[in-house]
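A, B, ... follow the sequence lines: proteins, then strands. Residue 1 opens every chain. The structure presented is a predicted model; accordingly, all values stated were derived computationally and were not measured.
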Amino acid sequence: MSIGYACLTIGVQNTNLRSCTAKNVDKEKLLDLISHNLNSLENIIDYNIKNNIKLFRISSDLIPFGSSPINSLPWEEEFSSKLSEIGEKIKTSGMRISMHPGQYTVLNSPNIDVVNRAIDDLNYHTKILDALGVGSEHKIVLHIGGVYNAKEEAISRFITNYDKLNDSIKMRLVIENDDKSYNINDVLEIGTKLGIPVIFDNLHNEINCYDKEKNDVYWINKCKRTWKEKDGNQKMHYSQQNLLKKLGSHSNTIRFDQFMEFYERLGREDIDIMLEVKDKNLSAVKCINATTKDNKIKRLEDEWSKYKYTILENSPNNYLEIRKLLKNKNDYPVASFYNFIEISMEAEITVGNAINALLHVWGYFKNISEDKEKKSFYKSIEDYKQGKISISAIKNKLWKMTVKYNQLYLLNSYYFFL
DNA sequence: CACCGTCAAGTCGCA
DNA sequence: TGCGACTTGACGGTG
């Protein structure tokens with residue numbers, strides 16, 4: 001089983017993707033943006049390798065206007081060596097990647113222009129995976145599209161248009177149930193008819209349910225039959241409802257207990273799980289640590305080094321509790337550890353606790369910073385106490401100093417980004 | 001440097 | 001027929 005995350009990272013340096021507006025596009029700018037974004041992608045892949053994350057979705061924003069005539073650059077040739085270099089890292093590390101055109105790529109539209117743009121977009125995604133040199137187990141995930149008051153016709157349009165696609169797209173295309181129009185039963189029927197693997201998305205199924213009597217595991221095992229040898233392991237999407245937002249919104253983090261309940265009910269290892277969640281790689285690491293057979297406390301200690309200042313800021317009591325929890329070096333208290341983290345993150349941050357955490361982090365700079373940095377920091381604390389500036393303004397300053405003074409321990413901390 | 005409107009896509013519900 | 005909501009992170013302009 002591989003567990004992974006989609007598109008972006010938290011707390012990993014130099015991994016942001018840049019873009020621009022359509023009216024500002026020119027060749028020079030595009031080259032610059034693509035070059036930047038490929039560097040970011042490489043940094044993400046390096047991070048994944050280092051953290052043993054074997055599943056990752058590449059953002060469709062990798063190449064700005066990649067499927068639009070606005071971008072007529074032969075970018076796959078211009079950057080071919082960089083792309084294949086990244087592809088080599090992916091392949092030799094055994095990572096599995098994917099891409100996922102958004103809800104706006106609609107292959108079954110009655111509007112031929114929309115369909116043609118959808119095909120262009122699928123070609124674009126294929127071009128990236130081809131340029132990376134990865135095989136047919138690296139998938140492109142697509143939704144079926146709109147209904148247009150006539151589902152049967154809409155489905156047959158999907159089937160007709162799918163047939164028009166060229167083989168390099170077909171060998172990677174898989175389809176997924178959505179939260180509005182096509183439930184898992186619909187998608188399974190289409191997938192079976194066309195011989196396309198089906199991705200089960202648990203939250204979409206919860207919201208757009210075909211049969212309330214059937215549980216997740218029923219559908220997951222049914223989907224398994226659509227995955228052939230050349231497709232690699234079955235894949236699925238897993239997410240949890242954000243309890244404070246409206247139906248379908250992804251949670252900030254994957255709640256440990258709920259995930260484990262799912263994992264144990266699933267009872268299978270021959271499936272890859274793509275998490276869709278706000279805290280991205282953080283939840284991926286969490287779920288990997290939750291399910292690994294290599295349950296050494298070192299994993300939790302590494303995590304703790306990244307979370308600790310955030311926890312100190314949120315809940316000094318839990319900070320002490322977690323330290324106690326990690327004392328026994330032969331133990332692997334993964335459930336308690338992440339439960340403490342999750343509970344702490346929900347706590348209300350007080351001014352006093354926030355300043356306490358700031359001062360702990362400041363400890364790294366107390367003796368090495370310049371006078372004006374010291375003055376600026378203490379002034380910021382006073383301004384924050386009086387409500388003149390926000391905590392994030394001070395954190396940004398400390399982050400800049402972290403980079404400037406190359407404080408390795410802090411460079412890996414989530415404190416600046418959570 | 002913080003803030004916020006805008007962008008970009010296609011569908012669908014509602015006037 | 002037309003328009004706003006939906007979604008997302010980043011741009012781009014303002015103060």
Side-chain angles (χ1 to χ4, degrees), chain A residues 5-10 12 14-26 29-30 32-34 36-37 40-41 44 57-71 99-125 142-151 153-155 157-158 161 176 178-182 201 203-204 207-208 237 239 241-242 245-252 276-281 376-377 379-380 383-384 387-401 416-417:
Chain A
Y5 65 101
C7 304
L8 307 173
T9 63
I10 287 179
V12 186
N14 304 316
T15 59
N16 68 313
L17 297 182
R18 297 184 51 220
S19 183
C20 67
T21 51
K23 61 172 189 278
N24 288 330
V25 169
D26 65 53
K29 188 157 204 164
L30 280 174
D32 191 43
L33 291 171
I34 296 168
H36 173 93
N37 289 352
S40 289
L41 175 62
I44 292 173
R57 179 192 301 165
I58 295 176
S59 169
S60 298
D61 297 332
L62 184 69
I63 310 293
F65 304 99
S67 66
S68 156
I70 292 176
N71 183 348
M99 298 196 75
H100 189 8
Q103 301 279 3
Y104 299 113
T105 302
V106 185
L107 191 60
N108 76 339
S109 174
N111 180 338
I112 186 69
D113 295 332
V114 172
V115 175
N116 285 332
R117 278 195 289 274
I119 293 172
D120 288 345
D121 199 41
L122 291 172
N123 272 316
Y124 155 66
H125 286 85
L142 189 67
H143 291 288
I144 303 301
V147 170
Y148 317 94
N149 294 318
K151 204 172 200 172
E153 282 173 43
I155 289 174
R157 249 193 332 269
F158 182 89
N161 292 340
E176 178 197 352
D178 66 73
D179 57 1
K180 248 165 95 178
S181 306
Y182 293 92
D201 182 308
L203 188 58
H204 291 164
I207 296 162
N208 181 20
H237 291 172
S239 58
Q241 173 69 40
N242 183 324
K245 292 194 184 161
K246 67 169 185 307
L247 208 59
S249 297
H250 292 149
S251 60
N252 287 329
E276 294 182 321
V277 60
K278 280 274 180 201
D279 72 358
K280 303 289 181 186
N281 50 311
S376 160
F377 176 74
K379 165 108 177 32
S380 294
D383 286 350
Y384 172 61
K388 285 192 207 160
I389 60 168
S390 67
I391 186 80
S392 57
I394 311 180
K395 284 193 186 184
N396 286 343
K397 266 187 196 171
L398 287 179
W399 173 246
K400 293 219 169 92
M401 291 179 71
F416 304 99
F417 308 105

Students often get this wrong, so: under 4.0 angstrom with heavy atoms, is [X] touching a base, only sugar-phosphate, or nothing?
{"X": "A:L17", "value": "sugar-phosphate"}
{"X": "A:K400", "value": "sugar-phosphate"}
{"X": "A:S390", "value": "nothing"}
{"X": "A:G146", "value": "sugar-phosphate"}

Under 4.0 angstrom between [X] side-chain N/O and [N] OP1 or OP2:
{"X": "A:R117", "N": "B:dG10", "result": "yes"}
{"X": "A:S109", "N": "B:dT11", "result": "yes"}
{"X": "A:K278", "N": "C:dG9", "result": "yes"}
{"X": "A:K395", "N": "B:dC1", "result": "no"}

### Query
Should we count NZ of A:K151 as having more than 12 external heavy atoms under 6.0 Å?
yes
#### Entry: Upstream residue (5' side of DNA chain B) when A:A22 and A:N396 are each assigned their closest nucleotide
A:N396
### Message
By nearest heavy atom, map A:F65 and A:N111 onto DNA chain B; which one lands nearer the 5' end?
### Response
A:F65
#### Entry: Contact check, side chains of A:H237 and A:H204, non-hydrogen atoms, under 4.5 Å
no
### Message
Tell me whether the rings of A:W399 and A:F417 are parallel (<30°), tilted (30 to 60°) or perpendicular (>60°).
### Response
perpendicular
Round to a whole Å and report the spacing from [atom1] of [X] to [atom2] of [N].
{"X": "A:H143", "N": "C:dC6", "atom1": "NE2", "atom2": "P", "answer": "18 Å"}
{"X": "A:Q103", "N": "C:dT8", "atom1": "CD", "atom2": "P", "answer": "10 Å"}
{"X": "A:L107", "N": "B:dT11", "atom1": "CG", "atom2": "P", "answer": "11 Å"}
{"X": "A:L122", "N": "B:dG10", "atom1": "CG", "atom2": "P", "answer": "13 Å"}
{"X": "A:K180", "N": "B:dC12", "atom1": "NZ", "atom2": "P", "answer": "7 Å"}

### Summary
Note: A:Q241 and A:G248 closest approach over all heavy atoms is OE1-N, 2.7 Å
### Query
Between A:M99 and A:I58, what is the shortest heavy-atom contact and its length?
CE-O, 3.7 Å
#### Entry: Most 5' of A:T21 and A:L8 on DNA chain C, judged by nearest nucleotide
A:L8
#### Entry: Check: A:Y384 side chain, A:A393 main-chain N or O, donor-acceptor pair, under 3.5 Å
no
### Message
Could you work out how much the helix from B:dC1-C:dG15 to B:dA15-C:dT1 bends, comparing the axis of its first five pairs with that of its last five, to 10°?
### Response
60°
